[in-house]
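What follows is a set of notes on a single structure, which appears directly below.
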Amino acid sequence: MKYRENKNLNLAQVGVDMLSHWKQNNIFEATLKNREGHEAYTFYEGPPSANGTPGIHHVISRAVKDIFCRYKTLKGYKVERKGGWDTHGLPVELQVEKQLGITKEDIGKKISVEQYNQKCREAVMQFKGEWDDLTEKMGYWVDLDDPYITFDRKYMETLWYLLKKFYDKGLLYKGYTIQPYSPAAGTGLSSHELNQPGAYRDVKDTSLVAQFKIKGTENDYFLAWTTTPWTLPANNSLAVGEHINYVKIKTFNPYTFIPVQVILAKDRVASFFDGKAENLSFDEYKQSDKLIPWTIVAEYKGTDLVGMEYEQLLPYVALPAPAFTVLAGDFVSTEDGTGIVHLAMTFGADDHRVSVKNNVPGVLVKDENGNDVPIVDKQGRFVKEITDFAGMYVKNYTGEDENDPNYKPTDVLIAIKLKEDNKAFKVEKYVHSYPHCWRTDKPVLYYPMDSWFIKATAYKDKLVAFNKTINWKPESTGSGRFGNWLENLVDWNLSRSRFWGTPLPIWRTDDGKEEICIGSIAELKEEVAKAIEAGYMQEQIPDDFDLHRPYVDNIFLVSPSGEKMLREPDLVDVWFDSGSMPYAQWHYPFENEEVFKKKYPADFIAEGVDQTRGWFFTLHTIAVMLFDSVAFKNVIANGLVLDKDGNKMSKRLGNAIDPFKTIAEHGPDATRWYMISNSNPWDNLKFDVNGIIEAQRRFFGTLQNTYSFFALYANLDNFDWQEDPSNYYTQTESDRWIISKLNSLIAQVDSAYDEYEPTRAARAIQNFVIDDLSNWYVRLNRKRFWKGELNADKKTAYKSLHTCLVTVAQLASPIAPFYMDKLYLDLTLEDKKGSKSIHLTDFPKSDTALVDKDLEQQMDLAQNISSLVHSLRKQHKLKVRQPLSRILIPVLDAKTKTQIQAVEDIILNEVNIKSIEYVDNTSGIIVKKAKPNFRKLGQQYGQMMKELSQQIGKLDQKAIAGFETSGALELEVKGQKITLGPDDLMIQSEDIPGWTVATEGGITVALDIHISEELQREGIARDLVNRIQNLRKELGLEVQDKIKVVVDDANSIVTESIQHNRDYICVETQALQLEVVNGVENYKEIEIDNIVVKLNVAVVKPN
RNA sequence: GGGCCUGUAGCUCAGGUGGUUAGAGCGCUACACUGAUAAUGUAGAGGUCCGUGGUUCGAGUCCACGCAGGCCCA
């Protein structure tokens, strides 16, 4: 039996090797089989889209997912994880458009919808191979063979089922939203299209400050500014800022010279009124005067104005109350305009939102079918009801020459009319940035577009309440970001006017009076059968009917009254696709009802924080509204991956990290370990490759070294870890200590994982391996491993170290699955139980009986004291090789003394000191210091603390001694007597007069720096050993080679040293002979404390 | 403009419920060790805890207002 000895650690190679081991032995499948019949832990995979290559940020979010699935598997749960792909939506469509060199308009013309969607279907899985490759190489265990795919017809059928459920509950309705619209192109524009470079450009428009007459006044007006005068006939209300200050100003209208009083924001007065004209005489004013007098006559808060009514500015279309009132708007600012905003519900998103909120009707007219339509038609012309401007284009959509002196834009004509009617206060040209249609170059209008909504607002309270039961990591994302989003919920706009997506399963008659929502393919067939009977359809749809466009669009149904019904042309939001995955991945309710019920809701999901409004929201909303449940119980919202300077990674800037390259160079484990241990997943990660290298060197390197050390000697001794398992840890102090530490670690790591704190787990493991196991346990116990036969003590040492290594591997395996599996297999050599992988084992259990906090404290003391002695040695330039006789440690209580005594050997060994002497309280030579117990005294004495602590600091030795014997002390602070009890002061030793001391954390150490002749001889002997060892190494000798040493007798002190320490030197250097002679042949010169020694080292050949 | 997060040593990060020398690793400097050796150990230098106010006997920690960076949404 041999433990594998690996010289060089190559984590990248380990990743490759273990991956093939897993594949060959079907380990992933085995981990599931291993937990057959166990309780399920449900994880939902948020589907990525494979139309682009994966980035390094995908590695961290998938590492997080993987960690908890592996952890729960070790804990005994059955953790199936079905993969998935998000396949519909705009990004794919845009990619295909680009690839084919077409635009949205060409679809259905240059290319059929059928062909186009076929292209999308191909494009969306373009990089599936790379994704699968990364998934494997990074060690993300997820079922890639049977993923859910959102374009699958079964998947889509579930979506229809869900949509119908919404519909039946009355939660799916048709309304409209204000969206960018290009009258010239006759199409709505997505925000994506508006964000195209060049879409926004500076234009010179007619801006206008209109006077809105306040109801019931003679000549009082609100002033509101607009850069789109054509929207004024649609004005339905005004908005003010509640916290903005307003003033009423008495002045004259500059066009009609009629006396008026106008209201506007105080901050904006200077922009409209000349300071020189303030308080000029109104009586002396003549129409030809340049300066128009004005004066402030009243001040208001925004809240004072809210609710005031005014007269309609351009009364073409009458509106019922509460139209034409002042509303509060959170978007109102005093950066420009008048601080009062004109609202036209039909032509602005804010306008629409505020109007709906306040139940203010918009300005609408009836079309020929009796439907409500806005006052501008889809071509961009005023409707006939706007008599003065009927048929006029609100912007230049007909290509008129704007440089023609006779050209008058509609905005100007409106301005002229308002001026004449004493309704305009200021008209001027204004340059601003305005969006343009990228196809036609013509200005965009914000226009009401038909849309289907899910009435999420109706379930707001429930959505909020259920959210509070979800465990969010970090908590703030749940209560803040997500919670606030729910608090300010608006209805979910489902409609998308695109081609590649799930079609809305609603058919309607032309007049919109009859409609049907289809919830399954079977139902569609039934309806088609009726339609065939009614003569609207020729034949039944096939069994493998594709639910995509254009096929669904070619289906006509018949209404109960016999009318023909057409499908509503919209697709549903792709977020509905992914939010439906808990149901659709199982084709619920058409199949797998039992499976679905077992795996709902999810115990755990994890995605980027940018999904808050995306997947997290849609999962939650569908679950709460339709299933009266949360969709997930625990969620980690991880942060972004930035470059090492904190900048966003982008392919354009060239600072993006290639995940394949990173894993190939540094291995998956170091990459994962770095990402998890460096910072919490929910904090942004500043990705620095040097961090991976450090993790590799420091953590994996140390662990591997520790293993190599074990393997080297265990193999020499033929140690079998499966033998003699009894009582191994009880023998030696340091064994009991490391096993105690190990069991503390297990508990710590277990709870960290359990609380979804992977970073805490990683750091705890790392500290144990580096500080406790390698730097302390192994270092202190080295000799036990190499000295002598394989006796009981040696076995316990092996056993302890082996246990630590195996356990660490198990604890760390969720984070570093490849290396830890290899380490485990190397350690257990595919043990008798036949375990082929660490991932098939059970998570270690912390045995509290083995945890000895007292012992852990003792070892802390040993480390502290050693550190203090090292520090003292350094101060006096006394190297550790030079033995010293003693240290003094003042001990004020018996417990400390016992604790130090327990680890005395360790300390003496570590710092090369002969003995520890304890100076107890009765010796009278310790200088002590008293410190107030701030926590206790502070609460009691409050304001007197400052002086009290000063007095305590000044206490002399006598006073402290008195306090120690009586347990009480009286002080006088500010004339008040204070009696201090035993717990009020902390007494520490501080100094021993005449000694050099070092103090830390209440422990004081004094070092005897006197070097006797004997000590000096011993020191020299040690140096000699050191030098001889070096020479052995230079000669290239093996550990077991014996030597003969001859030393020149030129220095009496060296000679004496050899005489006194002959045995020691011989044992340490494996010397069979050690001679001191006069005149050495073939000598080498070495130097010990400036003494030059001549000696010769030669191999003694075995006989 | 709103919501949320972050700001502690040159770099990456720790610092329950406020309590008196603010910690670790890396890097740097020096030393030691040489039977884990392309390893290892120890020590040292290095801090206006982003700023300004406030609460308190006492603030890195609590509150307010800012500043800088990031994300999401307008």
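Protein chains get the first letters and strands the later ones, always in sequence-line order, with residue 1 at the start of each. Just the heavy atoms: all of them, side chains too, but no hydrogens, waters or symmetry mates, feed the values below.
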When you compare the protein's N or O atoms with those of nucleotides 66-73 of chain B, which come within less than 3.5 Å of each other, and at what distance?
| unit_1 | atom_1 | unit_2 | atom_2 | d |
| --- | --- | --- | --- | --- |
| G70(B) | O2' | Asn684(A) | ND2 | 3.1 |
| C71(B) | O2' | Arg481(A) | NH1 | 3.4 |
| C71(B) | O2 | Arg481(A) | NH2 | 2.5 |
| C72(B) | O4' | Arg481(A) | NH1 | 3.3 |
| C72(B) | O2' | Arg613(A) | NE | 3.2 |
| C72(B) | O2' | Arg613(A) | NH1 | 3.4 |

When the P atoms of C62(B) and C26(B) are compared, how many Å lie between them, rounded to an integer?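 It works out to 30 Å between them.
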Give me the distance, rounded to whole Å, that separates G15(B) from G58(B) when you measure between the P atoms they each carry. 26 Å
Mind calculating the distance between [atom1] ([X]) and [atom2] ([N]) to the nearest angstrom?
X          : N      : atom1 : atom2 : value
Asp688(A)  : G10(B) : CG    : C1'   : 14 Å
Leu703(A)  : U40(B) : CG    : P     : 13 Å
Asn493(A)  : A74(B) : CG    : P     : 12 Å
Arg1022(A) : A32(B) : CZ    : C1'   : 13 Å
Glu910(A)  : A32(B) : CD    : C1'   : 12 Å
Asn1026(A) : U37(B) : CG    : P     : 17 Å

Under the rule for side-chain hydrogen bond (donor to acceptor under 3.5 Å, both in side chains), what residues qualify as partners of [X], not counting sequence neighbours?
X          : value
Asn471(A)  : Asn634(A)
Tyr674(A)  : none
Asn684(A)  : none
Asp1023(A) : Lys879(A), Arg881(A), Arg1027(A)

Name the atoms and distances for all side-chain donor-acceptor pairs under 3.5 Å in residues 689-701 of chain A, with sequence neighbours left out.
none

Using a 4.0 Å cut-off on heavy atoms, which residues in residues 775-782 of chain A reach RNA chain B? List them by number, or say none. Asn775(A), Val778(A), Arg779(A), Arg782(A)
With [X] via salt bridge (charged side-chain N to carboxylate O under 4.0 Å, His left out) - residues at least two apart:
X         : result
Lys473(A) : Glu757(A)
Asp754(A) : Lys72(A)
Asp573(A) : Arg496(A)
Glu487(A) : none

Complementary nucleotide of [N], counting Watson-Crick and G-U pairs under 3.5 Å:
N      : answer
C65(B) : G51(B)
C57(B) : G19(B)
U42(B) : A30(B)

Would you name the heavy atoms of Ala637(A) and Trp682(A) that are closest together and state the gap between them?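 It is O-CB, 3.4 Å.
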What nucleic acid atoms does [X] come within less than 4.0 Å of, heavy atoms only: base, sugar-phosphate, or nothing?
X         : answer
Ser867(A) : sugar-phosphate
Asn484(A) : sugar-phosphate
Asn690(A) : nothing

Are Phe482(A) and Phe616(A) an aromatic pair, judged by ring center distance below 6.0 Å?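 They do not qualify: ring centres at least 6.0 Å apart.
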Can we call the ring centroids of Tyr798(A) and Phe719(A) under 6.0 Å apart? yes
Could you list the protein-to-nucleotides 25-28 of chain B atom pairs, N/O on both sides, closer than 3.5 Å?
| unit_1 | atom_1 | unit_2 | atom_2 | d |
| --- | --- | --- | --- | --- |
| G25(B) | O3' | Arg698(A) | NH1 | 3.4 |
| G25(B) | O2' | Glu694(A) | OE2 | 3.0 |
| G25(B) | O2' | Arg698(A) | NE | 2.9 |

